[in-house]
Structures are given as structure tokens and as C-alpha cells.
Amino acid sequence: MATTTTDQGFDRVAPFYDQLAHWVFGEALRQSQRVFLRDIPRGSRVLILGGGSGWILEDMASSCQPKEIVYLEASKGMMSLTEQVVEKLSDQWDCQVELRCGNEELIGSFETFDVIFTGFFLDLFESPRFDQIVDQLYGVLEVGGKWVFADFQKSPARSWWQRNLVKIMYAFFRALCGIEAKELPDFEGKFEEKGLWVWKEAWFFQDMICSQLLVKRPER
């Protein structure tokens, strides 16, 4: 599989990404991703996409008890940091963690998951790839399964500084990491199209960030 510019780009920011995120957003990014961890059922098979440095695994270790985690991260630099977290947790946590360095192509069509976790991952993509990824993830999520989602939100009601902050972030990551997106996708519209039910919702950073616990309902 070919390495994309995005994959290489996040290698560049891996050493300081977490510190930069905290400097800009404080604890909001992490709070938005951990808020629904206790809703992950015991014994679940979990798919995490774009998990970054792996800090979320430490929070999962203290908040829920999944049986297996498939951790997908395209950046080798981020994956190296994640490996250190997994090694640290190996004697503390009865959970099988499989690390896959690459993109969504590494998800087998035969695989199924009880829980999907996407924290600030889907905002990297434009259509049609955004639509393709959501369709693919929906396809491997079990009926009744949960999708833990956290990301920035597109809203005309946002204040001027929030709109400008989003523009600055996209300009920064397009220049440094080569991400394809220029603006936030229509998360809400796509999730509604798939028929995902919003079970729980929480807002952070003056309503700039939304976390949702989505459920895949049986098809009629």
C-alpha cells in the first residue's frame, strides 16, 4: 500500500501534537473523546481509527473493559508512541490490542466490531473519500453496535474566532501534513443518511466540539 502525504505529514507533528492540542484547546479535546468511554460494553471488540499517540488507550484501561481493540493509525511516528503506551499497559490490562499501521484499507470486509471510535479523524477527508470511509465503517459495525464520535462542528452560529480557528487549523495541517480537506464535512447529514441514532451527546469548548454516542439500528 502506498504511503500518502497525510501519513508522512503526521509523522512530522507526532513529537509535539499532543502538546500543541493542549496549548490551543486545554483538556477539551481529551474530555470530548473520553466522555462516553464508560458506555463501551464489557467484552467488546473495538475499532479505533486515527488514535494518534495512543493516550486514549490509557483512558480506556481505566474506564471500560473491552476484550479486543484494533488500533488503526497511518502515521509511523504516532504508532511508535502508541507502542510505548501498549507496552506500559501490558501488565495492567487484560485486553488484546492489535496495532495496524496504515489507513482504512487495512480493515477486512469480513471483520465486524461492537464499537467504532473516531476522535477528530473524519475531519481530515473530503467527499467522496469521507463518504466512502463512513459507509465502510457503518458496514463493519454490528447491528446495535455503538459509534463513539468526537469532532469539530460546522455551524453558522459559531463566533468569528471559532470560524477563524477552524480555518487556521485546516491551513496549518494542509501545509504541514498534506491533509486533503479544506473544511469540515457534513457529519450530521451523513450520519442521518446512514440511520445512526444519537443516543447521547455532549458539547465542549463553547459548543465548538461535539461528542456523540451513535447506535446502529436494525434495517427496516
How long is the straight-line distance from [atom2] of [Y] back to [atom1] of [X], given to the nearest 0.5 Å?
{"X": "Tyr17", "Y": "Ser75", "atom1": "OH", "atom2": "OG", "result": "11.0 Å"}
{"X": "Cys210", "Y": "Glu201", "atom1": "SG", "atom2": "CD", "result": "4.0 Å"}
{"X": "Met208", "Y": "Asp151", "atom1": "CE", "atom2": "CG", "result": "10.0 Å"}
{"X": "Leu72", "Y": "Glu98", "atom1": "CG", "atom2": "CD", "result": "9.5 Å"}
{"X": "Arg42", "Y": "Lys67", "atom1": "CZ", "atom2": "NZ", "result": "12.0 Å"}
{"X": "Leu29", "Y": "Arg34", "atom1": "CG", "atom2": "CZ", "result": "10.5 Å"}

Does [X] use its side chain to pair, donor to acceptor, with the backbone of [Y] at less than 3.5 Å?
{"X": "Arg100", "Y": "Val70", "answer": "no"}
{"X": "Glu73", "Y": "Met79", "answer": "no"}
{"X": "Glu104", "Y": "Gln136", "answer": "no"}
{"X": "Ser62", "Y": "Asp59", "answer": "yes"}
{"X": "Thr82", "Y": "Gly52", "answer": "yes"}
{"X": "Asp11", "Y": "Lys76", "answer": "yes"}

Hydrophobic cluster identity match, [X] and [Y], side-chain contacts under 4.5 Å:
{"X": "Ile168", "Y": "Phe152", "result": "no"}
{"X": "Trp23", "Y": "Met169", "result": "yes"}
{"X": "Trp203", "Y": "Phe36", "result": "no"}
{"X": "Val24", "Y": "Tyr170", "result": "yes"}
{"X": "Phe172", "Y": "Leu184", "result": "yes"}

Locate the shortest heavy-atom distance separating [X] from [Y]; write the atom from each residue and the value.
{"X": "Cys101", "Y": "Leu106", "value": "O-CD1, 3.6 Å"}
{"X": "Ala14", "Y": "Gly77", "value": "CB-C, 3.8 Å"}
{"X": "Asp18", "Y": "Ser53", "value": "OD2-OG, 2.5 Å"}
{"X": "Trp93", "Y": "Cys64", "value": "NE1-O, 4.1 Å"}
{"X": "Pro185", "Y": "Leu122", "value": "CG-O, 3.6 Å"}
{"X": "Gly54", "Y": "Val85", "value": "O-CG1, 3.5 Å"}

Counterpart residues, side-chain contact (heavy atoms from CB on, under 4.5 Å), relative to Trp197 (two or more places apart):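 Partners of Trp197 by the side-chain contact (heavy atoms from CB on, under 4.5 Å) criterion, ordered by chain and then number, come out as Trp199, Val215, Arg217.
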
query: Can you say whether the rings of Phe187 and Phe191 are parallel (under 30°), tilted (30 to 60°) or perpendicular (over 60°)?
result: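 Ring orientation of Phe187 relative to Phe191: parallel.
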
query: Phe25 vs Phe205 aromatic rings, parallel, tilted or perpendicular, using cut-offs 30° and 60°?
result: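 The arrangement is perpendicular - the two ring planes meet at more than 60°.
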
Going by heavy atoms in the side chains, are [X] and [Y] under 4.5 Å from each other?
{"X": "Arg163", "Y": "Val166", "result": "no"}
{"X": "Gln33", "Y": "Phe117", "result": "yes"}
{"X": "Ile56", "Y": "Leu37", "result": "yes"}
{"X": "Phe10", "Y": "Ile179", "result": "yes"}
{"X": "Asp114", "Y": "Pro41", "result": "no"}
{"X": "Ile209", "Y": "Phe120", "result": "yes"}

- request: Evaluate side-chain contact (heavy atoms from CB on, under 4.5 Å) for Ile133 paired with Phe121, printing each intermediate quantity in order.
  value: CA-CA 11 Å; Ile133 292 173; Phe121 168 73; 4.2 Å; yes

- prompt: Where do Gln65 and Asp94 land on the side-chain contact (heavy atoms from CB on, under 4.5 Å) test, with the steps shown first?
  reply: CA-CA 8 Å; Gln65 295 180 308; Asp94 185 22; over 6 Å; no

task: Using the side-chain contact (heavy atoms from CB on, under 4.5 Å) rule, take Arg30 and His22 through it: C-alpha gap first, then chi angles, then the decisive distance, then the call.
output: CA-CA 9 Å; Arg30 293 199 175 195; His22 186 271; over 6 Å; no

- prompt: If you count the non-hydrogen atoms of other residues, nucleotides and ligands that lie under 6.0 Å from CD in Gln19, is the total more than 12?
  reply: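 Yes.
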
- prompt: Just wondering, more than 12 heavy atoms not from Glu188 lying within 6.0 Å of its CD?
  reply: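 Counting neighbours around CD of Glu188, 12 or fewer heavy atoms of other residues, nucleotides or ligands fall under 6.0 Å, so no.
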
message: Under a 3.5 Å cutoff, is there a donor and acceptor pairing between the side chains of Ser159 and Trp161?
response: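 The criterion, which ignores hydrogens and geometry beyond distance, is satisfied for Trp161 and Ser159.
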
message: Is it true that Ser127 and Asp131 share a donor-acceptor pair across their side chains at a distance under 3.5 Å?
response: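 Present: a donor and an acceptor within the cut-off.
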
field: Steps toward side-chain contact (heavy atoms from CB on, under 4.5 Å) verdict (Lys216, Leu196)
entry: CA-CA 5 Å; Lys216 181 176 180 178; Leu196 291 163; 4.1 Å; yes

Contacts table for residues 137-150: side-chain donor-acceptor under 3.5 angstrom, sequence neighbours left out:
from, atom 1, to, atom 2, distance (Å)
Tyr138, OH, Lys194, O, 3.3
Glu142, OE2, Thr112, OG1, 3.0
Trp147, NE1, Thr118, OG1, 3.0

